[in-house]
**Student:** 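Sharing a structure with you now.
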Amino acid sequence: MQRQKVIAGNWKMHKTVEESTAFGKNFQNKILENSTVGIILCAPFTSLFQIRETLTGNRIGLGAQNMHWEEEGAFTGEIAPAMVKSAGCSYVILGHSERRQLFGETNETVGKKVEAALRHELKPIVCIGETLEERKDGKVETVLDEQMRGALDGIDTAQMQNVTIAYEPVWAIGTGVNATPEQAVEAHQFVRGWLKENIQDGIGQETTVLYGGSMKPANAESLLRNADIDGGLIGGASLDVDKFTELVAIATELS
Ligand code: PGA
């Protein structure tokens, strides 16, 4: 099965409503009509609704960067799945390492969020990845196994069609040091093997697995040309419309 390449931007805590809509308009004018690449923008909660209103059509998928797993209630400062959905999102990033490291998310809470997202017909982009220390200690596979076990607990083959995995080594995020293509491919193959073993035979090859961590136009080709790397989850380089457009063009070339 030929998987589509995907370029997803993770804006993190950047861009006001005005800045977000300006990006959306500008970007929409630049993307290639004939590109078959999947494009996703994960904007701050405050910008989501307005960007959806600004973009014409559904060529660009919209995603949130987090959400709570409960339906509603006394959770000051939290956002429910139905709110994310009604703001115009079809995707949601879950378990980003910044959420895990700075805001106490655990494999268990990530699992609850994945289940809630699927229940609301939101497609989760599940982030996994090891720290530098864990890599040095030879624990990459143990960490990825634990994170996937937590995130995908109880998820069946049909649900898995709507799940994207993003392998994001923590040491590569925002550091300018990307994983080598060999390191990324090794991790992606481990993820595919895990899915095959723990969910279903064909799922390992059907699932979209993105790489994230300092991906930019200068290194994207060397990463994306590998069949096991389906695309990128891009932080820093997604903030600049020209760089993000270039990443889409590189992925299109390789499609
Ligand atoms: P980066 O971030 O591209 O700035 O390294 C990637 C991410 O955190 O998703």
Side-chain angles (χ1 to χ4, degrees), residues 5-15 19-20 23 27 37-45 47-48 60-67 84 89 91-105 110 113-114 117 122-132 134-135 140 143-144 147-148 151 163-181 183-184 187-188 191 207-224 226 229-251:
K5 293 269 186 218
V6 174
I7 295 294
N10 172 14
W11 285 353
K12 309 192 179 187
M13 199 172 73
H14 293 283
K15 296 194 189 294
E19 289 163 348
S20 302
F23 182 109
F27 179 57
V37 170
I39 303 170
I40 305 167
L41 280 178
C42 299
F45 290 126
S47 296
L48 291 171
I60 301 168
L62 200 58
Q65 302 168 15
N66 177 35
M67 62 170 206
V84 169
C89 290
Y91 295 88
V92 58
I93 296 175
L94 295 174
H96 190 280
S97 65
E98 286 150 17
R99 301 289 324 162
R100 293 177 191 261
Q101 294 198 319
L102 305 172
F103 301 99
E105 290 205 15
V110 175
K113 292 179 182 199
V114 170
L122 285 162
K123 296 177 179 169
I125 301 172
V126 178
C127 300
I128 56 172
E130 81 288 354
T131 63
L132 190 55
E134 289 162 342
R135 176 164 280 270
V140 176
V143 171
L144 299 185
Q147 290 175 334
M148 282 194 287
V163 177
T164 295
I165 305 288
Y167 169 63
E168 300 206 303
V170 179
W171 47 272
I173 296 178
T175 57
V177 182
N178 59 288
T180 63
Q183 288 169 325
H188 284 223
V191 169
T207 304
T208 297
V209 186
L210 308 179
Y211 165 79
S214 298
M215 191 187 275
K216 48 183 183 274
N219 61 22
E221 207 259 324
S222 66
L223 289 156
L224 296 178
N226 299 284
I229 304 179
D230 296 318
L233 180 56
I234 294 129
S238 74
L239 297 172
D240 181 282
V241 76
D242 291 326
K243 287 186 188 154
F244 196 60
T245 308
E246 209 177 324
L247 287 165
V248 173
I250 293 167

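Start at 1 with the first residue, then count along the sequence. Atoms within a ligand are numbered from 1 in the order they appear, just like the ligands themselves.
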**Student:** Which heavy atom in P169 sits nearest to a heavy atom in Y211, and how many Å separate them?
**Tutor:** CD-CE1, 3.7 Å
**Student:** Can E105 and R100 be counted as an ion pair, charged N to O under 4.0 angstrom?
**Tutor:** no
**Student:** Any idea how F244 and F23 line up, ring-wise: parallel (<30°), tilted (30 to 60°), or perpendicular (>60°)?
**Tutor:** tilted
**Student:** Say whether, by atom type as modelled, one donor and one acceptor occur between the side chain of Q65 and the main chain of C42 under 3.5 angstrom.
**Tutor:** yes
**Student:** Who's touching ligand 1 if we go heavy atoms under 4.0 Å?
**Tutor:** N10, K12, H96, E168, A172, I173, G174, G213, S214, L233, I234, G235, G236
**Student:** Distance only, no hydrogens: is a donor on one side chain within 3.5 Å (strictly under) of an acceptor on the other, for N178 and K216?
**Tutor:** no
**Student:** Under a plain distance cut-off of 3.5 Å, with no hydrogens placed, do Q183 and Y167 share a side-chain donor-acceptor pair?
**Tutor:** no
